[in-house]
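Below: one structure, written as C-alpha cells.
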Amino acid sequence: MKLPLSHHKTEAAKAIADLLMPGQRVCLTTHVNPDGDGLGSEVGLLHLLEAQGITAVVTNPSPTPPRFDFLFEDLPGADKSREAIKELRRADVIVVLDIADLGRLGMLGDTVRDRGVPVVCIDHHVSPGELPPGPRYVDPSAAATGELVFEIGRVNEWPLTREAARALYVAIMTDTGSFRFSNTHPRTLRIAADLLETGIDPESIYLDVYANAPEGRPRLLADTLQTLVVEPDCGLAWVTVPPGAIEQYGLTPDDLEGIVEHPRSIAGMRLAMLFREISQGRIKVSLRSVGDVNVAEFAHQFGGGRSRQGCRRGPVGIAGGGAGADPGGGEGLSSG
C-alpha cells in the first residue's frame, strides 16, 4: 500500500533512521506496566532494526505481562527489563515508545535523563511531559504507536518481516479494542491489511492476547462487577476493584484491561469509570467514554489523561496537593 505522509513526518522518519546505526547500543523502552501497544511497538521496531543489522534490547520499568511473552519467543535475551538501568547506562541511543514524558518511565526516568545520549520519541498521545533531546515522531491522530513504527519502516524502506508484522498487529489490535474503538480509521485498517499480507494469523494472535487468561482473571472480573453502580440520569456507571483482589488472585494491573468496558457497555451510559486502590489512601480512576465525551479534557483538570475517549495507560496522580506519576498501569486519575 502506498502510504502518503507529510513532509514533516518523512523527514522525522529519516532522522530516526540516520541516528540508528549498526554497532550502537540501542535501548527501547515504554511506560510503567507496559501494554500491547507499547510492547508490540518495541518488538516490531526491534525486528525492523535487526533486519538492518542493528541490535536493540527492550529495557522497560516493569516486567512484561505473561500474556505478551509470546512476542519474545523468537528473541531470546532481547527483554532486558530486569537489567534495565544497567543497559540504559551503556546505551548510545534510547528510543522511547508510546509515551513522551520521563515521569511515565518510573524508576528509569532519572537514568534516561542523565545518560546524555539522543532520545528518540515515537508516540501517538498528546502529552505535556518532556524528554531529553532527540528526533520526535509524534502523531495524536494515529490509533496506536504501532502505526507510527510501521510508517517509519515504510519511509526508510525497511523490509517488513512476518515477526515485525505480528508485533505491530498486536500493538494496533490492542489499542483499538480489536478494531472496535472510534480511533479505528481507514488508515488503521489499511496498515493492518499490509501487516496481514505478510501471512500472520489474526486468530492465533487474538487467542494469544485475549484467550490465554489465568483462572484468577475471570474471578477478579466477577468480584469487580459486583460493585457496579449506575446513574442513568447522568449516563454514568462505575465499578471498584475490591481491595487486595489483584494480589488474592495472583494477578497484575494488566489483568484489569477491559473491565471498564463492561459498565461502558450499558445502554445510555456516556462515561464509565474503574476505581482501584494503588496504595494506602491513594485511588486510581480509569475512564472510558461513549460518543463525544472528551475524558482527556476532564482528566487534564486533575493532572491526567492523554486520550480523548480513554484514559488507560498510567495516570498522573494528585497526592498531597502535587502531581506525581502513578506506578500503576492504565491512564486516569489518582488522588490521596
Without hydrogens or angle criteria, can the side chains of [X] and [Y] be said to hold a donor-acceptor pair below 3.5 Å?
X	Y	value
Tyr137	Asp123	no
Thr252	Asp254	no
Asn183	Thr176	no
His124	Asp175	yes
Thr188	Glu147	yes

Please determine whether a side-chain nitrogen of the Lys or Arg among [X] and [Y] lies less than 4.0 Å from a carboxylate oxygen of the Asp or Glu.
X	Y	value
Asp255	Arg217	yes
Glu261	Arg264	yes
Arg89	Asp114	no
Glu157	Arg154	no
Arg67	Glu257	yes

Is the shortest side-chain heavy-atom distance between [X] and [Y] below 4.5 Å?
X	Y	result
Asp92	Val117	no
Leu160	Glu197	no
Leu48	Val149	yes
Pro65	Leu39	yes
Asp208	Phe68	no
Ile54	Glu50	no
Val96	Ile122	no
Leu102	Pro132	yes

Show the numbers, then the answer: is there a side-chain contact (heavy atoms from CB on, under 4.5 Å) between Val290 and Leu271? CA-CA 6 Å; Val290 177; Leu271 179 64; over 6 Å; no
Would Phe179 and Tyr169 count as a close aromatic pair, with their ring centres under 6.0 Å?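 Yes; Tyr169 has its ring centre under 6.0 Å from that of Phe179.
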Honestly curious: do Val170 and Ile200 fall in one hydrophobic cluster under the side-chain, below-4.5 Å linking rule?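 Yes, because Val170 and Ile200 connect within a single hydrophobic cluster, where side-chain heavy atoms sit under 4.5 Å apart.
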Inter-residue atom distance [X].[atom1] - [Y].[atom2], 0.5 Å rounding:
X	Y	atom1	atom2	value
Leu88	Ile94	CG	CD1	5.0 Å
Leu148	Lys9	CG	NZ	5.5 Å
Asn60	Thr30	CG	OG1	6.0 Å
Thr29	Glu42	OG1	CD	6.0 Å
Leu228	His262	CG	NE2	11.0 Å
Met269	Ser289	CE	OG	13.5 Å

Side-chain donor/acceptor of [X] to backbone N/O of [Y], under 3.5 Å:
X	Y	value
Thr198	Arg162	no
Arg180	Gly177	yes
Ser41	Gly38	no
Gln24	Leu19	yes
Asn156	Trp158	no

What is the ring orientation for Phe275 with Trp238, classed by angle as parallel under 30°, tilted 30 to 60°, or perpendicular over 60°?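 Perpendicular: the ring planes of Phe275 and Trp238 meet at over 60°.
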Tell me whether the guanidinium CZ or amine NZ of Arg288 lies under 6.0 angstrom from the six-membered ring centre of Phe181 and within 45° of its axis.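 Yes, cation above the ring, under 6.0 Å and within 45°.
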Are more than 12 heavy atoms, taken from residues, nucleotides or ligands other than Met21, located less than 6.0 Å from that residue's CE atom?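 Counting neighbours around CE of Met21, 12 or fewer heavy atoms of other residues, nucleotides or ligands fall under 6.0 Å, so no.
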Derivation and outcome, side-chain contact (heavy atoms from CB on, under 4.5 Å), residues Leu28 and Thr59: CA-CA 6 Å; Leu28 314 180; Thr59 52; 5.8 Å; no
So which pairs with a foot in residues 230-250 pass salt bridge (Lys or Arg N to Asp or Glu O under 4.0 Å), sequence neighbours left out?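 As it turns out, there is no salt bridge (Lys or Arg N to Asp or Glu O under 4.0 Å) pair with a partner in residues 230-250 once direct neighbours are skipped.
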Evaluation steps, side-chain contact (heavy atoms from CB on, under 4.5 Å), between Val241 and Leu220: CA-CA 8 Å; Val241 179; Leu220 175 65; 4.1 Å; yes
